[in-house]
Number of protein chains: 2
Amino acid sequence: MIEEDLKKYDSFDDCPVRNVLDRIGDKWSILIISLLGECGTLRFNEINHKIGNISQKMLTVTLKTLEADGLLSRKIYPVIPPKVEYTLTPLGESLLPAIHTLTLWAVENMPAVLASREEYRLAVAR
Amino acid sequence: MIEEDLKKYDSFDDCPVRNVLDRIGDKWSILIISLLGECGTLRFNEINHKIGNISQKMLTVTLKTLEADGLLSRKIYPVIPPKVEYTLTPLGESLLPAIHTLTLWAVENMPAVLASREEYRLAVAR
DNA sequence: CCGTATCCCCCGTGATACTG
DNA sequence: CAGTATCACGGGGGATACGG
């Protein structure tokens with residue numbers, strides 16, 4: 001019984017912010033979306049080099065997830081060596097303003113957060 | 001221009017969006033911030049019950065982290081049994097618009113994301 | 001060049017029991 | 001009521017090697 005009875009009181013599963021963070025709150029998604037938002041279209045290795053410290057595996061995995069979610073599209077040129085281009089879909093582009101808002105907050109307020117955290121650390125250490 | 005100013009954050013380590021997600025991109029932070037944004041001030045067990053499916057440990061950990069980051073404040077009443085109230089700081093409140101923007105996007109576009117994902121799943125299965 | 005396929009480790013999260 | 005303490009686990013993520 002319990003499993004189902006609890007679900008109707010489960011505010012968690014229906015929270016839209018959590019749903020979106022479950023999709024794009026991982027380590028690389030938003031970074032890739034921002035990058036494509038700036039640059040328009042990029043090849044696999046271009047993204048790889050621009051980010052710099054992402055593993056090839058995670059880049060592949062993240063791009064595939066974003067494609068499955070309909071946030072970016074993949075164009076394969078049947079040439080050798082292979083050439084693949086990634087571009088945001090309109091759905092992906094629609095996410096840019098939200099990311100931008102979050103970015104602005106970060107630029108303005110992260111220094112305060114870091115300062116607070118340092119102060120807290122010192123207070124606890126004492 | 002903001003767009004150009006942000007370009008200097010291209011590298012991963014200095015990316016503001018990643019910094020903020022590293023802090024509040026965990027499973028419970030944004031949910032708690034939203035809740036306090038709605039309700040103003042809440043006691044430990046009130047948050048516990050309103051969220052419903054968070055473990056006591058994670059609630060404690062998340063609240064402590066948010067306090068250390070200066071996003072919420074903690075008021076302890078020296079009574080027995082203990083009474084502790086949590087309220088957003090101005091810094092925490094300043095995050096609400098960004099969360100709201102993200103929420104709006106989720107409400108509007110998550111159905112499309114889920115549909116795309118299902119379609120992709122079917123395409124791969126074939 | 002653009003991926004796949006493995007192996008492995010860390011740590012965020014949860015379950016449970018206990019305390020002032 | 002509001003936490004601590006401890007144990008356990010699952011999976012996100014990295015390193016590496018191989019494939020078309």
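Below, chain A is the first sequence line, B the second, and so on; all start at residue 1.
- Each end of the helix from C/dC1-D/dG20 to C/dG20-D/dC1 gets its own axis, taken as the rotation carrying the C1' atoms of four end pairs onto the next four within a five-pair window, and the two axes meet at 50° to the nearest 10 degrees.
- Listed by chain and number, the residues in a side chain to side chain contact (heavy atoms under 4.5 Å, CB included) with B/E119 amount to none (sequence neighbours excluded).
- Of all the heavy atoms in B/S116 and A/G70, the pair that sits closest is OG-N, 3.1 Å.
- With sequence neighbours excluded, the residues satisfying side chain to side chain contact (heavy atoms under 4.5 Å, CB included) with B/T60 are B/F44.
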N/O contacts under 3.5 Å, protein versus nucleotides 9-16 of chain C?
{"unit_1": "C/dT13", "atom_1": "OP1", "unit_2": "B/K27", "atom_2": "N", "d": "3.1"}
{"unit_1": "C/dT13", "atom_1": "O4", "unit_2": "B/K57", "atom_2": "NZ", "d": "3.3"}
{"unit_1": "C/dG14", "atom_1": "OP1", "unit_2": "B/K27", "atom_2": "NZ", "d": "2.7"}
{"unit_1": "C/dG14", "atom_1": "OP2", "unit_2": "B/W28", "atom_2": "NE1", "d": "3.1"}
{"unit_1": "C/dG14", "atom_1": "O6", "unit_2": "B/K57", "atom_2": "NZ", "d": "2.3"}

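- At a non-hydrogen distance threshold of 4.0 Å, B/P82 from residues 66-89 of chain B come into contact with DNA chain C.
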If you look only at distance, which donor and acceptor atoms sit under 3.5 Å apart when one is on a side chain in residues 106-113 of chain B and the other is two or more places apart or in another chain?
{"unit_1": "B/N109", "atom_1": "ND2", "unit_2": "B/W105", "atom_2": "O", "d": "3.1"}

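- When the side-chain hydrogen bond (donor to acceptor under 3.5 Å, both in side chains) test is applied to B/E85, the partners found at least two apart in sequence or on another chain are B/Y77.
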I'd like to know whether B/R121 forms a salt bridge (Lys or Arg N to Asp or Glu O under 4.0 Å) with B/E118, so could you lay out the CA-CA distance, the side-chain angles of the two residues, the decisive distance to 0.1 Å, and finally the verdict.
CA-CA 5 Å; B/R121 197 183 62 78; B/E118 178 65 9; 2.9 Å; yes
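- Scored by the side chain to side chain contact (heavy atoms under 4.5 Å, CB included) test, B/S29 finds B/I24, B/D26, B/T62, B/L66 as partners (sequence neighbours excluded).
- At the phosphate of C/dC2, OP1 or OP2 sits under 4.0 Å from a side-chain N or O atom of A/R43.
- With sequence neighbours excluded, the residues forming a side chain to side chain contact (heavy atoms under 4.5 Å, CB included) with B/L102 are A/V20, A/L21, A/A98, listed by chain and number.
- Using a 4.0 Å cutoff to heavy atoms of chain A, the contacted part of DNA chain D runs 5' to 3' from D/dG13 to D/dG20.
- Qualifying side-chain hydrogen bond (donor to acceptor under 3.5 Å, both in side chains) partners for A/T41, counting only residues two or more places apart in sequence or in other chains: A/T87.
- Taking every heavy atom of both residues into account, B/L36 and B/Y86 meet most closely at CD2-O, 3.5 Å.
- Listed by first and then second residue, the salt bridge (Lys or Arg N to Asp or Glu O under 4.0 Å) pairs that reach into residues 63-78 of chain A are A/R23-A/D69, A/D69-B/R117, sequence neighbours excluded.
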Could you give me the CA-CA distance, side-chain angles and deciding distance for A/N19 and B/L114, then say whether side chain to side chain contact (heavy atoms under 4.5 Å, CB included) is met?
CA-CA 10 Å; A/N19 287 336; B/L114 295 178; over 6 Å; no
